[in-house]
Structures are given as C-alpha cells and as structure tokens.
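Per chain, numbering begins at 1; letters A, B, ... match sequence-line order.
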2 protein chains.
Amino acid sequence: MMYPPKASMEGQSKGDRTRAAILQAGLEVASTEGLEAITIGRLADRVNLSKSGLFAHFSSKEQLQLEVLQHGRNEFVTRVIGPALAETRGEPRLRTLLKNWLGWNWSNDSRGGCIFLQAAAEYDDREGPLRDALVESQHDMVEFLVGAAALCVEEKHFRSDIDPRQFAFELYALVMAHHFHIRLLDDPTAPKRTRKGFERLLESAK
Amino acid sequence: MMYPPKASMEGQSKGDRTRAAILQAGLEVASTEGLEAITIGRLADRVNLSKSGLFAHFSSKEQLQLEVLQHGRNEFVTRVIGPALAETRGEPRLRTLLKNWLGWNWSNDSRGGCIFLQAAAEYDDREGPLRDALVESQHDMVEFLVGAAALCVEEKHFRSDIDPRQFAFELYALVMAHHFHIRLLDDPTAPKRTRKGFERLLESAK
DNA sequence: TCATTAAGTGAACGGTCGTGCACTTTTTCG
DNA sequence: CGAAAAAGTGCACGACCGTTCACTTAATGA
C-alpha cells in the first residue's frame, strides 16, 4: 500500500487518468503546433511514458489525433459555447461568445493558439477521417454562429433583413484575423481591433 | 548537338532553368500543403531530378524553402499588387486589389491555396529565418493595405476619421475567411460573402 | 492477501527524411 | 572539336517516425 489513488480520482482507473493526461498534452501541442506535430515520442516524454506505453492506449496515431480533436471540441463547448448559452439570447449572448472565444487558448505562454484554426490549415487539402472530423466540427461552429445571429433578429436586436449566415461569416473572419495578428505578427492591438470590428458589425446590423 | 537550348530561353543557363522549375514546383506544393510539406524527394520527382541533383541547387532545405517563399512574394507582387498599382488610387485600386487577391491561387484543381496563409499557420509558433521572412512579407502586406486605405481617405473616398489600419485589419479578415470557407468547408458562396462583406466595409467607411 | 488483469517497458522492424560524397553525364565556350 | 566547368546520379549515413511484440511491473478486487 504505497500510492493509493486519491479520492478525487474516484471512479477513474489508472488507465483512464493516463489517457486523460495524454489527451490534454496532445491538445496543448495541437493548439500551438498542429495535430500533425503530435508525435508519439514527444507526447510520451511530456507525460513521462515510454513510446510504446503511450501507444498502447490507442489503436493508431490517427485514432489518437481524432481523440485529441474531440477533446478540443469538448473543451471548446465547456469554455466558450456553454458560457454563451448561459447568457440571454441575442446581443448579450453574442458579446459573451466573442469574449470567451478570444480568451480560448491553451499554451502556457501568452500567445496560445487555436487547435481548430491550426488544423484547418493542415487538413484543408487532405482527405481522411481527420479532415472529416474537423469539417464537421467547423460546420457545427458556423451553424452555432448562424443560430446566434438569427436569435438577434428574432429578439429584434438586429434588423429583420439581416442575413445571419453573412453575419456569421464576417464574425468568424474577425476571429481569424485576431488569431493571425496575435500569433504571427505579435500585434498587441489585435484584440482591440477585433472588438472594434465587432462593434461595427453589430452597429451595421441594427 | 542533340538538344540545343531554345531561343526563348536565351540568357538562361540550364542550371537557371532547372532552378526556376524547382521553385515553381515548390510554390505549388507550398501553396496547397505548406512549406513544411516540401520534401526534397517529392520535389525531385515532380521536376524529374534525383534527390541529390535537386539538392545541389541549394545549400540546405531551409534555403530552398526561403527561396520558394521569396518566389511566392514575387509572384504575388506581379499578379496581385502590380495590377492594383496600375489602377487609379483610392476605391478603384482597392476593388482591383480584392478581385486579383481572391483569384490568387496556384493549384491545378479549383481550390488553390495561399502560400502565405498556409505558412502563417506553420510558423506562427516557430522561430527561425523562415518565420522571420514570412513575418516580414506579411508586415509588408499589411502596410500596403494600410497605405491603400489611407489613399482612400486622401482621395476623399472615405471619411476623414477612418482609421486605415483598422480598415486593413478587417479587409484581411475577409480574405482569410474566404480562404477558410473555400478550402476547408468547400463553400461555393464564399466569394459572394467576401464581396458582400467588402461592400459593407466600404459603405461604412464612406 | 494473492491471483488476475491492467499498465507500462525496451528493443527492434521498415520507412522516410536531409545531407554528404565520389562519380558520370551534359552543357558551355575558346 | 575538345577541354574545362556545370549539372545530375547513386549510394550510403544517421536520425526520427509509427508500429509490433515479448516481457516486466503495478494496480485491482474477491
């Protein structure tokens, strides 16, 4: 009796805990460097496992990547979508969404990346299950934005002739530009510009 | 005397022609799959050379990538920036710029990619000469946009209180969203939405 | 507690990568 | 034409990759 599982880990076997640690480490790597940058050896070092020890948790590297992506979706729902849904429909929800979305990052340093935007560049030209899963997640994301914009129309926060899909397109555009300016150009004014663009977008929809 | 150089290639040695073919092939690969997807062997096959034969033209793979990126910059200037500069300053120049920008692609199929946006995702977290070169090119790009917007103010096409840098941010945002929707989501309405966003952007600046 | 099962290890495989080198072939030019 | 220089080849190397497998170690539950 040396290292009994802590009470806080109740109901989780050792394997489950290790698996969770792997997926979390994978998400961190994928968010900054991409899903293709995930390497069994590198990830094994990060969680203090041997290559084969880590590999044994998954049937293939692709399966590992798929589960990392799914973990990213879960975390995004928890940290961004959920808080927005808890807000009043219409404009307030949209504002909460953007706030949490811009704070959605994973790395330890101050320039965290987005696993979805990284993966989008990696799989926009490649076929296979990973691309399919990514496309599905981004389709869902767009549809959520469209729905959120449609609610603004419904709640009379927007004019009735506003096209929710066009609104969603332009909102996502701003978030992408934010990511680009922060991460590549290291531009500290990016959040301010993103919010300003957002305000203009809202204003022209009213 | 079997295969004399054609007259059209006058002034170019065989080595120069091979080099140009390599850079062009490299640009095609980099535009769709990224600069990191460039592999000596793959590129050698594409231009019918042996690995070492191709390698002999460059001092390292990194140097090859740098030259491919530079080739991309040159092509972008020729095909996008140039035609815009030939147009009247202000709004007409901006419209020409966007038109050619959206047509800026390199692949054979209908979903050509942009070497800069691909590379942005690849190097936004990595240090080194490649990132430096990319950042410089994108900095220049942004400054060109800022200048083009500033000319709109100067020509009284825009209100005098319009911030050119904010305008540039939002314009680039639309182009990024275009790329994303075309390539990942395979959305044929992307050009229409991009132009609609552009019109709204212009309208709110007048 | 102790046998059963789960979790993790280490070495090895075939494959691809960038790079170096000795060599052959082709181009170039006096 | 023929020699010098340029261009291209073939092979090998060390490093890292994903994956397999026989094995050891640790966790689990009756």
Side-chain angles (χ1 to χ4, degrees), chain A residues 1-26 29-30 33-69 122 126 128-130, chain B residues 1-26 29-30 33-69 122 126 128-130:
Chain A
M1 203 273 284
M2 296 192 65
Y3 296 112
K6 297 184 193 155
S8 67
M9 289 161 173
E10 203 179 7
Q12 271 195 90
S13 67
K14 175 119 198 296
D16 290 341
R17 272 175 276 136
T18 303
R19 232 186 127 84
I22 294 170
L23 292 182
Q24 183 57 35
V29 171
E33 307 181 39
L35 273 167
E36 288 297 308
I38 287 181
T39 227
I40 311 276
R42 280 190 18 142
L43 224 53
D45 283 350
R46 251 176 177 274
V47 295
N48 280 96
L49 272 176
S50 63
K51 270 173 62 174
S52 41
L54 185 145
F55 187 77
H57 285 271
F58 307 90
S59 53
S60 69
K61 184 192 176 184
E62 188 174 68
Q63 187 58 36
L64 162 61
Q65 291 171 308
L66 278 168
E67 297 198 29
V68 168
L69 183 59
E122 293 179 303
R126 213 173 304 196
L130 269 164
Chain B
M1 202 272 284
M2 296 191 68
Y3 296 113
K6 298 186 194 153
S8 68
M9 287 158 173
E10 204 179 7
Q12 270 194 90
S13 69
K14 175 117 198 298
D16 290 341
R17 273 175 277 137
T18 303
R19 231 185 128 85
I22 294 170
L23 292 182
Q24 182 58 34
V29 170
E33 307 181 37
L35 273 167
E36 288 296 308
I38 287 182
T39 227
I40 312 275
R42 279 191 17 141
L43 224 53
D45 282 350
R46 250 175 177 276
V47 294
N48 281 95
L49 271 176
S50 63
K51 271 174 61 174
S52 38
L54 185 147
F55 187 76
H57 284 270
F58 307 90
S59 53
S60 69
K61 184 191 175 182
E62 188 174 69
Q63 187 59 36
L64 163 60
Q65 292 171 309
L66 278 168
E67 297 198 29
V68 167
L69 182 60
E122 293 179 305
R126 214 172 303 194
L130 269 164

| request: Kindly state which residues belonging to residues 50-60 of chain B come within less than 4.0 angstrom of DNA chain C, counting heavy atoms of the residue only, listed by number. | output: B:Lys51, B:Ser52, B:Phe55, B:Ser60
| Separation of D:dT28 P from A:Lys14 NZ (nearest whole Å) | 8 Å
Can I get a per-line list of side-chain donor-acceptor pairs under 3.5 Å for residues 61-69 of chain B, giving both atom names and the distance, sequence neighbours left out?
unit_1, atom_1, unit_2, atom_2, d
B:Lys61, NZ, B:Ile38, O, 3.0
B:Gln63, NE2, B:Glu67, OE2, 3.4
B:Gln65, NE2, B:Leu35, O, 2.9
B:Glu67, OE1, B:Arg19, NH2, 2.3
B:Glu67, OE2, B:Arg19, NH2, 2.8

| How close or far is atom P of D:dC16 from atom CD1 of A:Ile40, stated in whole angstroms? | 16 Å
| remark: When rounded to whole Å, the CD1 to P distance for the pair A:Ile22 and C:dA7 reads 11 Å
| said: Five pairs per end, C1' atoms only: what is the angle between the end axes of the helix from C:dT1-D:dA30 to C:dG30-D:dC1, to 10 degrees? | reply: 20°
| message | I need the CG-P distance between A:Leu43 and D:dC17, as an integer number of Å. | response | 11 Å
| task | Please report, rounded to the nearest Å, how far the P atom of C:dG18 is from the CZ atom of B:Arg42. | result | 11 Å
| request: Take atom CG of A:Leu49 and atom P of D:dT24, then tell me their distance rounded to the nearest Å. | output: 20 Å
| So which heavy atom on A:Arg46 is nearest to which on A:Ala25, and how close? | CD-CB, 4.2 Å
| field | Those residues that, when tested against B:Ala37, pass side chain to side chain contact (heavy atoms under 4.5 Å, CB included) (two or more places apart) | value | B:Val29, B:Glu33
| field | Separation of atom CZ in A:Arg17 from atom C1' in C:dG8, rounded to whole Å | value | 14 Å
| message | Over all strands shown, is A:Ile38 touching base, sugar-phosphate only, or nothing at heavy-atom distances under 4.0 angstrom? | response | sugar-phosphate
| said: Using modelled atom types and a 3.5 Å cut-off, is there a donor and acceptor pairing between side-chain atoms of A:Glu122 and backbone atoms of A:Glu36? | reply: yes
| said: So, OP1 or OP2 of D:dA6: does either fall under 4.0 Å of a side-chain N or O from B:Ser13? | reply: no
| Protein-nucleotide distance (A:Gln12, atom CD; C:dA7, atom P), rounded to Å | 12 Å
| Hey, does A:Ile40 have a side-chain heavy atom less than 4.5 Å from the side chain of A:Phe58? | no
